[in-house]
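Here the structure is laid out as structure tokens; the discussion comes afterwards.
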Amino acid sequence: VFSLGKQVYNINNMGVMNLVAVIDIREEVLSDIFRKGGSENIEGFIIDENGTILAHPNQEMLFKNISELFLEQDIEKLLSSGTEVSTFETRYMGESVFTNVVKLSTNDWKVINVVKTEYLYKQSSQVVKIIILMIFFCIALSIIAAHIVSWGISKPIKNMMGTMRKVVAGDLNVKIEGTDNKSTSD
């Protein structure tokens, strides 16, 4: 069981009250949260200020040190992260991962999320494939639209040129076929 305590303040004047709120959390509940929310490509767990694993989806990892999971040079990044959130690429249990570290403001615990690099690249390559397909679809649609517009413009011109050839050949009784547009019928 983990116990978290926090001083209670008066909301009206922010004065300190003689109360402390305490929450007890069972370790198996924390581990269960990570186990249900994760997948084989994403994993999350909680460590304390010394790098001891407090909650992990794999029960065998509990109370071990993160030095068993991460590279030596990255352990310092995990433990000394002074910012609220930090993200970096590293190796976790021998696999290349992106690691996100969130420092909890109430204590020195950190929530660590690791996502396999291969999984992220696979997801991004699927997005790229969809974008490329959409580009080809838009290009094909543009070509069809351009063909329809050019046919609509060139057909009346071709008809007029055919009529002009007949006039040049001496047939002065031909009529210019057109639409209701006044500019060609006058």
Side-chain angles (χ1 to χ4, degrees), residues 25 28-47 51 53-62 66-106 109-165 176-185:
I25 303 171
E28 58 268 9
V29 172
L30 283 176
S31 292
D32 196 41
I33 290 169
F34 284 113
R35 201 173 8 270
K36 287 180 181 175
S39 75
E40 62 185 46
N41 298 307
I42 303 169
E43 196 169 289
F45 52 95
I46 298 175
I47 64 170
I53 299 171
L54 303 176
H56 195 282
N58 180 354
Q59 295 289 325
E60 295 174 5
M61 301 306 292
L62 293 177
I66 59 170
S67 61
E68 298 177 36
L69 305 175
F70 290 94
L71 296 174
E72 189 73 33
Q73 66 266 19
D74 294 328
I75 293 172
E76 185 62 31
K77 287 182 192 176
L78 291 166
L79 295 177
S80 67
S81 176
T83 61
E84 295 297 318
V85 178
S86 62
T87 303
F88 55 92
E89 190 173 358
T90 185
R91 295 195 69 75
Y92 169 73
M93 296 176 65
E95 293 188 74
S96 178
V97 295
F98 281 102
T99 303
N100 182 15
V101 181
V102 179
K103 184 178 179 185
L104 301 177
S105 60
T106 56
W109 292 2
K110 295 182 180 171
V111 177
I112 299 175
N113 294 299
V114 292
V115 181
K116 291 181 182 177
T117 308
E118 174 186 312
Y119 173 72
L120 287 178
Y121 289 144
K122 182 179 177 184
Q123 296 299 319
S124 65
S125 74
Q126 288 177 347
V127 170
V128 169
K129 287 176 186 175
I130 291 170
I131 290 172
I132 289 171
L133 284 173
M134 288 175 51
I135 289 171
F136 281 127
F137 177 74
C138 289
I139 289 171
L141 193 62
S142 298
I143 290 171
I144 291 169
H147 180 70
I148 290 171
V149 169
S150 66
W151 179 78
I153 292 172
S154 65
K155 186 174 184 209
I157 294 173
K158 287 180 183 177
N159 288 343
M160 190 180 294
M161 286 176 55
T163 304
M164 294 305 284
R165 283 191 194 105
I176 297 176
E177 299 283 330
T179 61
D180 292 343
N181 192 342
K182 298 290 184 187
S183 62
T184 59
S185 62

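Note that the structure is predicted; figures quoted are calculated from it, not measured. The figures here come from the full heavy-atom set of this structure, side chains too, leaving out hydrogens, waters and symmetry mates. Each residue takes its place number in the sequence, starting with 1.
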### Query
If you look at every heavy atom in L69 and M61, which pair is closest and at what distance?
CD2-CE, 2.8 Å
### E72, CD: over 12 other non-hydrogen atoms inside 6.0 angstrom
no
### Task
Can you see which heavy atom on Y92 is nearest to which on H56, and at what distance?
OH-NE2, 3.1 Å
## Note on the structure
Output for pair (I46 CD1, N113 CG), nearest 0.5 Å, gives 9.5 Å
### Task
Say whether, by atom type as modelled, one donor and one acceptor occur between the side chain of S96 and the main chain of T117 under 3.5 angstrom.
no
### Query
If you round to the nearest 0.5 Å, how far is CE of M161 from CZ of R165?
4.5 Å
### Summary
Between the OG atom in S124 and the NZ atom in K129, the distance rounded to the nearest 0.5 Å is 10.5 Å
### Query
Between NZ of K116 and NZ of K122, what distance do you get to the nearest 0.5 Å?
11.0 Å
### Interatomic spacing from CD1 in I75 to CD1 in I47 - rounded to 0.5 Å
9.5 Å
### Summary
Heavy atoms of V97 and R91 approach each other most closely as CG2-C, 4.4 Å
#### Entry: Minimum-distance pair of heavy atoms, taken over all atoms of P57 and G44
CD-O, 3.2 Å
### Closest non-hydrogen atom pair, P156 against G152
CD-O, 3.2 Å
### Query
In Å, rounded to the nearest 0.5 Å, how long is the span from CD of E76 to CZ of F70?
14.0 Å
